[in-house]
Structure formats: structure tokens, C-alpha cells
Amino acid sequence: MKALRDRILKDGKCFPDGILKVDKFINHQMDPNLMKQVCVEFIRRYASTEINKIITIEASGIAPAIMMGFLLDLPVVFAKKKKPSTMGDMLSTTVFSFTKQREYHVVISKEYLGEGDKVLFVDDFLAYGNAAKGIIDLCRQAGAELVGMGFIIEKAFQHGRDVIEAAGVRCESLAIIESLDNCEIKLREE
Ligand code: 5GP
């Protein structure tokens with residue numbers, strides 16, 4: 001997606017250990033117009049797929065997820081990193097965050113993910129696929145069908161796609177980074 005690729009090259013910043021900072025337009029300050037273009041592209045790619053719900057993990061997945069839900073007129077559910085005391089029956093799994101170097105639990109109420117759901121997961125980044133693995137597990141526990149996953153940015157050198165494809169789930173990402181070596185952003189040609 002050209003607009004996204006151009007923006008990553010213009011405003012993305014490399015950090016040590018393979019981290020790309022995009023907080024000028026995706027996950028701190030946000031560009032709603034670019035986010036809309038991103039979601040229109042996800043919708044085009046999944047046009048022939050039946051979806052009844054968008055799912056994500058807080059916090060940075062919420063912006064693309066709500067935009068997707070708005071454009072498709074579908075409900076949006078985000079997995080929570082803290083269990084609210086008011087939540088009844090829930091599904092729970094563990095996710096390792098490599099940006100924070102720790103494990104955390106994520107929960108979703110059974111009320112909002114269950115049998116018969118056909119869900120599309122969206123998130124800002126695909127790195128090692130740990131968040132994706134957690135979502136695959138939550139959908140399996142719920143008996144929901146995970147029809148696909150969509151990432152704004154995939155870091156191919158961290159191989160998260162292998163986890164998703166090994167689970168038989170379709171994976172789409174809109175900008176693929178081949179390398180961040182020597183603080184240089186190398187994007188895959190389209
Ligand atoms: P994974 O679970 O695939 O290993 O990592 C994905 C999650 O970690 C995303 O939800 C994202 O929030 C965060 N993340 C992974 N890599 C990066 C990165 O390079 N930059 C930023 N800003 N977040 C990242």
C-alpha cells in the first residue's frame with residue numbers, strides 16, 4: 001500500500017532490537033485519514049470473506065479495529081490486558097510481549113466471543129506472532145472461526161507469519177519490513 005509505505009519511510013523511526021516507532025501516525029498521534037485508507041485496503045482484501053465481528057488486543061489495535069467496524073458496520077471486541085472485576089465468564093490466555101519483555105494475561109468475556117462468530121483480527125504490528133498466537137487460542141477456546149488476520153505493518157525478519165500460517169489462518173499485511181539493520185528501514189517491494 002503506497003501511501004502507508006511512503007509514510008513509514010517519511011515518519012517511521014528505528015530503535016534498537018528491531019523496533020520501529022510509528023507514533024507520529026499510528027500508535028500515539030494518529031492519522032485518521034491514513035487509518036481509513038488502511039482499513040479500506042483490508043476490506044478489499046477480505047471482500048469475499050464472511051465476517052461478523054472485528055477483534056483486536058488493546059491498546060494499539062483498537063484504532064484500526066474501530067475504523068474497520070465503522071466501515072463494515074460490525075461490532076468490535078478488544079481483548080483486555082486487565083480483568084475487570086465486573087466481568088463474568090471469560091476466556092483467558094497468556095501473551096509474551098517482546099517490546100515490554102514480559103508475559104501478560106488477556107481476557108475476553110464469553111458474552112462477546114463464541115460459537116458461530118466469524119472474526120477478523122486486526123492489529124498494528126506483526127512481529128513474532130505472540131499476540132496472534134493468543135488470539136488464535138482465544139478463538140479456539142470460544143469455538144469461534146478466525147477467518148483471517150490483518151496487520152498494518154509486518155516485520156518479516158521476526159517470522160510471526162509462520163505462527164499464523166501454521167495454524168491455517170490467512171494473514172494479510174499492508175507494509176512488509178524486510179530489515180531494520182543499521183537503523184535503515186528496508187521495505188519489501190509490492
Ligand atoms: P508480536 O506479538 O507479533 O510479537 O508483536 C506484536 C505486538 O507488539 C503488536 O501488538 C505491537 O503493539 C507490538 N510491537 C511489535 N513490534 C513492534 C514495533 O516494532 N513497534 C511498535 N510500536 N510496536 C511493536
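First listed ligand is number 1; within each ligand, the first listed atom is number 1. Remember, it's a predicted structure, so these values are computed and weren't measured experimentally.
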Legend entry - Residue pairs, two or more places apart or on separate chains, that pass salt bridge (charged side-chain N to carboxylate O under 4.0 Å, His left out) and touch residues 167-177: R45-E172, R170-E172
Legend entry - Least distance between heavy atoms, I152 atom then V38 atom: CG1-CG1, 3.9 Å
Legend entry - Contact summary for L113 and L138, nearest pair of heavy atoms: CD2-O, 4.0 Å
Legend entry - CA sep, side-chain torsions, deciding dist, call: T93, D137, side-chain hydrogen bond (donor to acceptor under 3.5 Å, both in side chains): CA-CA 7 Å; T93 196; D137 184 39; 2.7 Å; yes
Legend entry - Close residues, ligand 1: non-hydrogen atom nearer than 4.0 Å: G18, I19, L20, N27, S60, F98, T99, D123, D124, F125, L126, A127, Y128, G129, N130, A131, K155
Legend entry - Contact list for residues 111-122, test side-chain hydrogen bond (donor to acceptor under 3.5 Å, both in side chains), sequence neighbours left out: N52-D117, K53-D117, K118-E145
Inset, instruction - Check ring pair (Phe, Tyr, Trp, His ring centres under 6.0 Å) between F25 and all other residues, then give those that pass, not counting sequence neighbours. - result: none
